[in-house]
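The model shown is predicted, which means the values in this text are computed figures rather than measured ones. Side chains included, hydrogens not; waters and symmetry mates left out as well; all remaining heavy atoms used.
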Amino acid sequence: MALSVSAAVLLAIIVFVLLKGGYVRVGSMLACTLFGFTLAATGLAPVINSGLVSLAGLISSF
């Protein structure tokens, strides 16, 4: 649970910085957000989640 909250906060900060920097427009941000919610409802969600957990474990081992 703590890992998913941390990842969500980190990604929210990245999106905010990209939006404020002008690299991403509001429409693109909304499309990517809706794509993420749609992807989370598919069968790929467990695979993506386990990949993120593995990546976090790899990063924390350094």
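- Under the side chain to side chain contact (heavy atoms under 4.5 Å, CB included) criterion, Ile13 pairs with Val9, Val17, not counting sequence neighbours.
- The minimum heavy-atom distance linking Ala45 with Ala40 is given by the pair CB-O, 3.3 Å.
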Under 3.5 Å, side-chain donor or acceptor atoms of residues 55-62 against the rest of the protein: list the pairs with distances, not counting sequence neighbours.
{"from": "Ser60", "atom 1": "OG", "to": "Ala56", "atom 2": "O", "distance (Å)": "3.2"}
{"from": "Ser60", "atom 1": "OG", "to": "Gly57", "atom 2": "O", "distance (Å)": "3.0"}
{"from": "Ser61", "atom 1": "OG", "to": "Leu58", "atom 2": "O", "distance (Å)": "2.6"}

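- When hydrophobic clusters are built by joining Ile, Leu, Val, Met, Phe, Trp and Tyr residues whose side-chain heavy atoms come closer than 4.5 Å, directly or via intermediates, Phe16 is not grouped with Leu11.
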Table please: side-chain donor-acceptor pairs of residues 23-34 below 3.5 Å, with sequence neighbours left out.
{"from": "Thr33", "atom 1": "OG1", "to": "Met29", "atom 2": "O", "distance (Å)": "2.8"}

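- Residues meeting the side chain to side chain contact (heavy atoms under 4.5 Å, CB included) test with Ile48, sequence neighbours left out: Leu39, Leu44, Leu52.
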